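Below is one structure, written out as structure tokens; comments come after it.
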There are 2 protein chains.
Amino acid sequence: MRDVAALAKVSTKTVSRVINDLPGAGPEVVERVRAAARTLGYRPNLTASSLRRSDRRSATIGVLFEDLSNPFDSALLRAVEDRARQGGVLVLAGSSEDDHSMQRELLLSLSARRVDGVVVMAVGGHQDALQQERDRGTPMVLVDRPPTFGGTDCVTTTNRDSSRDAVLQLASLGHRDIAFLGDRRTLWTSQERYTGYLEGLAQAGLTLREELVRTDLHGADLAEVAATELLDLAKPPTALFTAQNLVTVGAMRVLRARRLQHRVALIGFDDFPLADMLEPGITVVRQDVPGIGRKAAELIFARIDGDTSPPVHAVVPASIVRRGSGEITPSAD
Amino acid sequence: MRDVAALAKVSTKTVSRVINDLPGAGPEVVERVRAAARTLGYRPNLTASSLRRSDRRSATIGVLFEDLSNPFDSALLRAVEDRARQGGVLVLAGSSEDDHSMQRELLLSLSARRVDGVVVMAVGGHQDALQQERDRGTPMVLVDRPPTFGGTDCVTTTNRDSSRDAVLQLASLGHRDIAFLGDRRTLWTSQERYTGYLEGLAQAGLTLREELVRTDLHGADLAEVAATELLDLAKPPTALFTAQNLVTVGAMRVLRARRLQHRVALIGFDDFPLADMLEPGITVVRQDVPGIGRKAAELIFARIDGDTSPPVHAVVPASIVRRGSGEITPSAD
DNA sequence: TCCTCCTACGTCAACGTTGACGTAACCGAG
DNA sequence: CTCGGTTACGTCAACGTTGACGTAGGAGGA
């Protein structure tokens with residue numbers, strides 16, 4: 001900047017004025033400064049600028065999800081990024097791997113870089129680190145899972161209601177033995193979906209068979225094992241409700257291996273690519289991922305812009321997409 | 001920091017020493033400062049620090065891909081992020097949408113934040129903005145597509161050779177009418193894969209039927225149209241080589257709609273989730289995405305650490321994954 | 001003519017941090 | 001007891017930028 005000022009024969013302050021399109025610079029001077037900046041390849045230093053400016057904005061937000069390579073997470077990231085770009089804001093992204101210390105470290109890293117706000121998919125269990133950061137005044141929005149502390153916005157989907165609807169659909173087809181396969185019980189979404197499952201059973205007048213409930217299935221491999229065990233029961237389930245992405249995939253593999261994919265009904269929570277191309281197509285509860293991302297972005301930017309209205313818990317509705325696997329009736333045998 | 005110093009009754013310099021674990025602070029003072037920092041909720045300001053420090057590092061790199069919600073891009077991002085985290089480096093991520101002005105703007109944004117380096121999936125066509133940034137001294141690694149200018153590292157896969165091998169495999173099964181369906185011709189990868197297709201035909205002694213070559217299919221919808229037209233030809237192809245992810249999906253849809261999925265052979269470039277669960281399983285050329293990401297990260301961090309050896313073009317081998325659709329022999333009729 | 005107001009600049013200090021350097025106290029060796 | 005060296009601090013300025021304020025010159029009105 002000093003070099004630009006010297007070359008244009010003005011003060012650095014005037015260069016600043018030109019770069020930021022502030023008034024108080026004559027047209028001739030503006031041109032001289034612009035030319036000098038071009039020839040020197042000058043790039044303003046936003047970090048120095050935000051250090052000095054009164055608003056202290058870094059024009060950067062943090063996004064802290066579980067696994068950026070997961071389709072759900074990356075779709076969410078993309079939605080947030082699109083909204084951010086409209087305001088000239090960039091996104092610092094990190095994967096917490098559902099690990100508390102990782103989440104904590106990443107949060108500190110973001111804090112050290114003075115991000116204007118963070119969008120977090122909270123790790124299950126306690127949220128001490130999140131609350132601490134929130135209490136320091138960092139605008140924060142939780143996605144997918146609500147905060148266990150107050151004063152923070154959050155965006156989730158209709159986990160419980162949609163799970164209940166899925167179970168009710170299966171029950172209405174005549175299924176009486178509906179299994180539940182869920183992810184880690186520490187995750188709020190898992191709990192909600194399980195509660196929805198229970199509500200569905202109750203509303204349909206079905207009794208819970210505890211041996212048909214399998215939880216803590218983190219990843220497709222564990223889900224495969226659980227599905228195998230369920231189908232090996234003396235009285236196996238005639239329908240499966242799989243409460244997460246990868247769990248659905250694991251269950252599908254087992255059904256296909258046993259050629260049961262047309263005999264055992266399956267509804268999964270979370271859509272995934274190509275679910276419609278399988279034989280049969282997989283019926284799923286589809287979350288409105290871009291909708292969730294947009295809402296989260298909208299909330300975080302409102303808070304950054306000083307919105308002090310009471311915290312919001314936005315719920316973005318999910319819907320059942322019928323593709324075949326969830327419309328299978330119980331086998332005669 | 002001043003507040004911490006005041007509370008601990010030391011100078012800010014001593015606080016700095018304690019925070020950075022530098023020698024020159026007595027154990028008692030260290031404890032006082034740590035306690036003061038804790039009670040005040042002090043967080044170091046990395047931007048101010050990097051402004052003043054001699055090395056000028058922001059401990060942040062930029063990642064500029066085409067679409068972060070694309071599985072290929074997000075897997076790559078994840079691999080880079082994992083490597084970055086090991087060095088305490090965070091990732092600023094952006095989607096260029098294959099648009100020159102977007103890429104340019106994001107690049108300027110990254111530059112303004114003084115990232116230590118950038119990993120870029122270059123937009124097709126000219127690379128003026130990239131070269132300009134590179135010439136300013138920003139360490140840069142291109143992934144998936146090589147630079148059109150010199151002096152820059154890059155990581156790609158065996159686009160040409162693997163495409164040739166795919167075509168040779170189809171030819172060896174007796175296919176003589178093998179169609180090519182490709183993405184935008186401005187993309188280097190498309191060109192390479194097309195060249196591999198031509199090499200494969202030539203090596204197998206097959207003549208090129210130009211009406212079987214369809215390019216500029218950006219997205220599954222365009223691919224569907226093209227596949228439909230190909231199958232409507234008087235002498236339709238008995239095998240398809242689809243040179244990109246979404247193109248493969250589009251072609252698959254058409255084959256299934258016409259119940260030809262067991263009669264027309266299909267090999268796709270790029271793997272995708274659940275390709276093994278379809279009927280038949282889809283034979284693909286699988287890139288080693290984590291390998292590419294790791295290599296790109298390794299290169300960028302080496303450059304950031306001052307490696308001045310000649311630029312490298314790393315080629316990470318892809319391999320054919322046989323799942324059924326690429327092993328179909330030509331129909332009798 | 002003189003005073004006021006506005007425009008187009010410049011000067012200075014400060015944002016939070018650290019490199020360079022200074023200094024006082026203490027330690028061990030000769 | 002002195003002297004060189006080490007340890008444990010402190011002081012000062014600077015990184016690149018901008019808010020606050022100062023000033024010179026010209027335009028315009030009484």
Side-chain angles (χ1 to χ4, degrees), chain A residues 1-34 36-37 40-60 88 108-116 136-138, chain B residues 1-34 36-37 40-60 88 108-116 136-138:
Chain A
M1 179 153 166
R2 262 208 298 269
D3 300 341
V4 174
L7 184 58
K9 299 202 197 307
V10 295
S11 70
T12 58
K13 178 72 230 209
T14 298
V15 175
S16 168
R17 278 192 263 256
V18 172
I19 299 299
N20 297 17
D21 287 319
L22 294 172
E28 192 197 336
V29 168
V30 168
E31 211 32 66
R32 275 219 313 279
V33 172
R34 293 240 168 89
L40 293 178
Y42 167 74
R43 294 276 188 286
N45 185 331
L46 189 70
T47 66
S49 162
S50 79
L51 185 60
R52 170 66 235 221
R53 277 197 326 271
S54 37
D55 63 0
R56 257 338 128 74
R57 297 280 175 80
S58 60
T60 306
L108 289 177
S109 272
L110 293 172
S111 185
R113 285 164 182 79
R114 293 298 187 266
V115 291
D116 299 331
R136 294 189 65 251
T138 308
Chain B
M1 178 154 166
R2 262 207 299 266
D3 301 340
V4 175
L7 184 58
K9 300 203 197 305
V10 294
S11 71
T12 58
K13 179 72 230 212
T14 297
V15 175
S16 168
R17 279 191 264 257
V18 172
I19 298 297
N20 297 22
D21 287 316
L22 293 173
E28 191 196 335
V29 168
V30 168
E31 212 31 67
R32 275 219 313 279
V33 171
R34 291 240 169 89
L40 292 178
Y42 168 74
R43 294 276 187 286
N45 185 331
L46 188 70
T47 65
S49 161
S50 78
L51 184 61
R52 170 64 234 219
R53 278 198 325 272
S54 37
D55 63 1
R56 255 340 127 71
R57 296 281 174 79
S58 60
T60 305
L108 288 177
S109 272
L110 293 172
S111 185
R113 285 163 182 79
R114 292 299 186 267
V115 292
D116 299 331
R136 293 189 66 250
T138 308

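Lettering of chains follows the sequences in order, A, B, ..., and the numbering in each one begins at 1. Keep in mind the model is a prediction, meaning the values are calculated, not measured.
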#### Entry: C:dC15 phosphate, OP1 or OP2, under 4.0 Å from B:Arg52 side-chain N/O
no

### Query
Between A:Pro27 and A:Lys13, which has a closest nucleotide on DNA chain C that is more 5'?
A:Pro27

### Query
Just checking, any donor-acceptor pair under 3.5 angstrom between side chains of B:Thr47 and A:Arg113?
no

### Message
Using the side-chain heavy atoms of A:Ser49, tell me which of these nucleotides is nearest: D:dC15, D:dT18, D:dT11.
### Response
D:dT18

### Task
Report the distance from atom CG of A:Leu22 to atom P of C:dA8, rounded to the nearest whole Å.
13 Å

### Query
Whole Å only: how far is the CZ atom of B:Arg53 from the P atom of C:dA20?
13 Å

### Task
Round to a whole Å and report the spacing from CZ of B:Arg114 to C1' of D:dG16.
9 Å

### Message
Over all strands shown, is A:Pro44 touching base, sugar-phosphate only, or nothing at heavy-atom distances under 4.0 angstrom?
### Response
sugar-phosphate

### Message
Could you tell me how far apart B:Leu46 (CG) and D:dC15 (P) are, to the nearest whole angstrom?
### Response
19 Å

### Message
When you measure from the side chain of B:Arg17 to the backbone of B:Leu22, do you find a donor-acceptor pair of N or O atoms at a distance under 3.5 Å?
### Response
no

### Task
Kindly say whether B:Ala6 contributes a backbone atom to a donor-acceptor pair with the side chain of B:Arg2 at under 3.5 angstrom?
no

### Query
Can you tell me how far C1' of D:dC21 sits from CZ of A:Arg17, to the nearest Å?
11 Å

### Message
Heavy atoms only, 4.0 Å cut-off, all strands: where does A:Thr14 land among base, sugar-phosphate and nothing?
### Response
sugar-phosphate

### Query
5'-most contact on DNA chain D: A:Val15 or A:Arg2, nearest heavy atom basis?
A:Arg2

### Query
Counting only N and O atoms by type, is there a donor-acceptor contact under 3.5 Å from the side chain of A:Thr60 to the main-chain atoms of A:Ser58?
yes

